[in-house]
J.: 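Take a look at this one; I'll ask things after.
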There are 2 protein chains.
Amino acid sequence: MTQPQTKYRSRCSIARTLDVLGDKWTLLVVRDLMWHGKHTFQELQASEEHIAANLLSERLKRLMALGLVAREAYQDRPVRYRYALTEEGRSLEALLLQIMGWGHAHLGGGLYDPQAGRTVADATPDGPL
Amino acid sequence: MTQPQTKYRSRCSIARTLDVLGDKWTLLVVRDLMWHGKHTFQELQASEEHIAANLLSERLKRLMALGLVAREAYQDRPVRYRYALTEEGRSLEALLLQIMGWGHAHLGGGLYDPQAGRTVADATPDGPL
DNA sequence: CGACTCACTTTCAAAATTAAAGTGACTATG
DNA sequence: CATAGTCACTTTAATTTTGAAAGTGAGTCG
């Protein structure tokens, strides 16, 4: 679990989850760590959606503060870090799958199969008909 | 389904979903429409988290544009509207439940049982230990 | 030495959020 | 009939967050 570094808006679990994950970038970082083998700052930044470096930096800090992500140096001089989900972070997989399923059904996005490790259904370029 | 009024950041279903629902307020509005019997502007605004009127107004417009919410006048002179989820909007229930479950387990929020129509597990005031 | 890489941080303009006040169409009260 | 109140917003202005770009520091490579 996690230290309460944030004061939550309310006692509602949904509101609390949105307080910490409710923005356009955080869950994309989690997605890349979870499924796409991206673990360095550079790899995470290079994703299709092009997160700005300052935002990636800030989001990684938040995820670490929440205990969902941990980093370890994979090299000294200069020190370079590898980011990975903690066990608690991996608990977000079901949530990610649910979001993906909804987006696929309603917004025409692609479907990634974590089992197969690849996209198994195409996205429509501009969304549904 | 929905007209593509937005250009999505990518073909990823998660990114697309975050493009339309990825903020701190939209899913709280959906929560209130889905489970808490709040259907007027006033009722939605009066929720615990205190959304600002201009944001509620803008979010309702977006949800209507997406086809997830519809409104009907429940009175003329002056015309007053009642907002409700469409069938497509109701498809968000599983997502809401997943978010709630995660927030309950990891952030110490309350658990609402839609079947029972009430909160069945307490929230810890400031989050988990 | 000079060029390059990686992991950031800083800067600054633009966009989003917040809180408060204002508006328009009425209804109810004195 | 004038005033107060309700509801559903919109407008305004201050603050915060975001986004894009440039800069920094530690080091490697040629």
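We name chains A, B, ... by the order of the sequence lines, and we start the count at 1 in each one.
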J.: When you check the phosphate oxygens OP1 and OP2 of dA7(C), does a side-chain N or O of Tyr74(A) lie under 4.0 Å from one of them?
T.: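 For Tyr74(A), the contact criterion (side-chain N or O under 4.0 Å from OP1 or OP2 of dA7(C)) is met.
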
J.: Using whole Å, what does the distance between atom P of nucleotide dC6(C) and atom NZ of Lys38(A) come to?
T.: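 Value for this atom pair: 15 Å.
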
J.: Rounding to a whole Å, what distance do you find between Gln42(B):CD and dT6(D):P?
T.: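 These atoms are roughly 9 Å apart.
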
J.: Both conditions, 6.0 Å and 45 degrees, for the charged tip of Arg9(A) above the ring of Trp25(B): are they met here?
T.: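 Yes, a cation-pi geometry.
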
J.: Using a 4.0 Å heavy-atom cut-off to protein, can you give one letter per nucleotide of nucleotides 25-30 of chain D, 5' to 3': B if the base is in contact, S if only the sugar-phosphate is, - if neither?
T.: -BS---

J.: In degrees rounded to 10°, what angle is found between the helical axes fit to the five outermost pairs at each end of the helix from dC1(C)-dG30(D) to dG30(C)-dC1(D)?
T.: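 About 10°, once rounded to a multiple of 10°.
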
J.: Using 30° and 60° as the class limits, which term best fits the ring planes of His106(A) and Trp102(A): parallel, tilted or perpendicular?
T.: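 Aromatic pair His106(A)/Trp102(A) classed parallel.
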
J.: Quick one: do the Asn54(A) and Ser57(A) side chains pair a donor with an acceptor below 3.5 Å?
T.: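 Short answer, no.
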
J.: Arg16(B) and Thr124(A): which non-hydrogen atoms are nearest, and at how many Å?
T.: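 Minimum heavy-atom separation between Arg16(B) and Thr124(A): NH2-O, 2.7 Å.
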
J.: Is any side-chain heavy atom of Trp35(B) closer than 4.5 Å to a side-chain heavy atom of Leu97(B)?
T.: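 Side-chain contact under 4.5 Å: yes.
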
J.: Taking the cut-offs as 6.0 angstrom to the six-membered ring centre and 45 degrees off its axis, would you call Arg80(A) and Tyr74(A) a cation-pi pair?
T.: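 Here Arg80(A) fails the 6.0 Å and 45° test against Tyr74(A).
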
J.: Let me have a per-nucleotide readout for nucleotides 9-22 of chain D, 5' to 3', with B, S or -, counting only protein heavy atoms under 4.0 Å.
T.: BBBB-----SBB--

J.: Return the CG to CG distance between Leu28(B) and Leu44(B), rounded to the nearest 0.5 Å.
T.: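 Here the interatomic distance stands at 11.0 Å.
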
J.: Donor-acceptor pair, Thr86(B) side chain versus Leu68(B) backbone, under 3.5 Å?
T.: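 A pair under 3.5 Å: yes.
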
J.: Between Ala123(A) and Gly110(A), what is the shortest heavy-atom contact and its length?
T.: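 Where Ala123(A) meets Gly110(A) most closely, the heavy atoms are CB-N, 3.2 Å.
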
J.: Quick one: does any side-chain atom of His104(B) pair with a main-chain N or O of Ser13(A) as donor and acceptor, under 3.5 Å?
T.: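 Between the backbone of Ser13(A) and the side chain of His104(B) there is no qualifying donor-acceptor contact (under 3.5 Å).
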
J.: dT9(C) C1' sits how many Å from Leu56(A) CG, rounded?
T.: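 The distance from CG of Leu56(A) to C1' of dT9(C) comes to 13 Å, rounded to the nearest Å.
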
